[in-house]
Amino acid sequence: MQTTILRASGTLYQLRDKDQTVSNLYTAEMVNKTDKIVEFEIIPDDEHARIQYIQKPDAIAYGGSTKATFFVILPQSTIRKYKTKISFKLQSEKKVVDRFETTFIAPANN
């Protein structure tokens, strides 16, 4: 499995005042290099992060690829700088099959 993640172009971040969170929009492309169908889930390494899907596939045909579009949402209180590295694991059958990271952009909370 191979995963590429990109923050949506033309967007910075969204402040969600209602629940005091910040979100960034991402697209991840997963490529299945195995010889079987792979069911998967994307799990953020940060315990405070949560994912809200816009497009959520849960399996990839063998030799195929798929894209997931989602918001990563973090509490404003946990953000210390404008750009923060965030990482994820791609998990299938309770095993980590890939790891990937990107940058999360938000106003610093000092």
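Sorted pairs that involve residues 29-39 and meet salt bridge (Lys or Arg N to Asp or Glu O under 4.0 Å), not counting sequence neighbours, are lacking altogether. Evaluation of the side chain to side chain donor-acceptor pair (under 3.5 Å) test over residues 13-23, restricted to residues two or more places apart or in two chains, returns Gln14-Ser23, Arg16-Ser23, Arg16-Gln52, Asp19-Thr21, Asp19-Arg50. Among residues at least two apart or in separate chains, ring-ring contact (aromatic ring centres under 6.0 Å, His included) pairs with a member in residues 73-107 are Phe88-Phe100.
Between the CE atom in Met1 and the OG atom in Ser92 there is a gap of 7.0 Å [rounded to 0.5 Å]. Note that OG1 of Thr84 and CD1 of Ile79 are 6.5 Å apart. Values are rounded to the nearest 0.5 Å. To the nearest 0.5 Å, atom CZ of residue Arg99 and atom CG of residue Leu90 are 10.5 Å apart. A distance of 4.5 Å separates CD1 in Ile42 from CZ in Phe70, rounded to the nearest 0.5 Å.
Contact between Thr102 and Ile5 at its shortest, heavy atoms only, is CB-CG2, 3.8 Å. Across all non-hydrogen atoms, the minimal contact from Ile37 to Ala61 is CG1-CA, 4.2 Å. Heavy-atom minimum distance, Ile60 versus Asn32: O-ND2, 3.1 Å. The nearest pair of heavy atoms linking Thr66 to Ala59 is CG2-O, 4.3 Å.
Scanning for side-chain contact (heavy atoms from CB on, under 4.5 Å) contacts around Ser9 gives an empty result, with sequence neighbours left out. The side-chain contact (heavy atoms from CB on, under 4.5 Å) check on Lys56 picks up Tyr53, with sequence neighbours excluded. The side-chain contact (heavy atoms from CB on, under 4.5 Å) check on Asp46 picks up His48, Ala49, Leu74, with sequence neighbours excluded. Applying the side-chain contact (heavy atoms from CB on, under 4.5 Å) criterion to Lys94, with sequence neighbours excluded, gives no partner residue. For Lys67, the side-chain hydrogen bond (donor to acceptor under 3.5 Å, both in side chains) test picks out no residue, with sequence neighbours left out. Contacts of Asp58 classified as side-chain hydrogen bond (donor to acceptor under 3.5 Å, both in side chains), with partners at least two apart in sequence or in another chain: none.
Through direct or indirect side-chain contacts shorter than 4.5 Å among Ile, Leu, Val, Met, Phe, Trp and Tyr, Ile73 is connected to Leu25, Ile54, Phe71. Grouped by direct or indirect side-chain proximity (heavy atoms under 4.5 Å, Ile/Leu/Val/Met/Phe/Trp/Tyr only), Val96 sits alone. Applying the 4.5 Å side-chain rule to ILVMFWY residues, one finds that Leu6 remains a lone member of its cluster.
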Stepwise side-chain contact (heavy atoms from CB on, under 4.5 Å) test for Phe40 and Met30 = CA-CA 10 Å; Phe40 69 91; Met30 287 71 61; 3.6 Å; yes

CA sep, side-chain torsions, deciding dist, call: Tyr26, Ile86, side-chain contact (heavy atoms from CB on, under 4.5 Å) | CA-CA 12 Å; Tyr26 298 93; Ile86 56 171; 3.8 Å; yes

Hey, mind stepping through Thr103 and Lys85 against side-chain contact (heavy atoms from CB on, under 4.5 Å) and telling me if it holds?
-> CA-CA 5 Å; Thr103 303; Lys85 289 271 187 217; 4.0 Å; yes

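Under a cut-off of 6.0 angstrom, the local environment of CD in Gln55 is crowded, with over 12 non-hydrogen atoms contributed by other residues, nucleotides or ligands.
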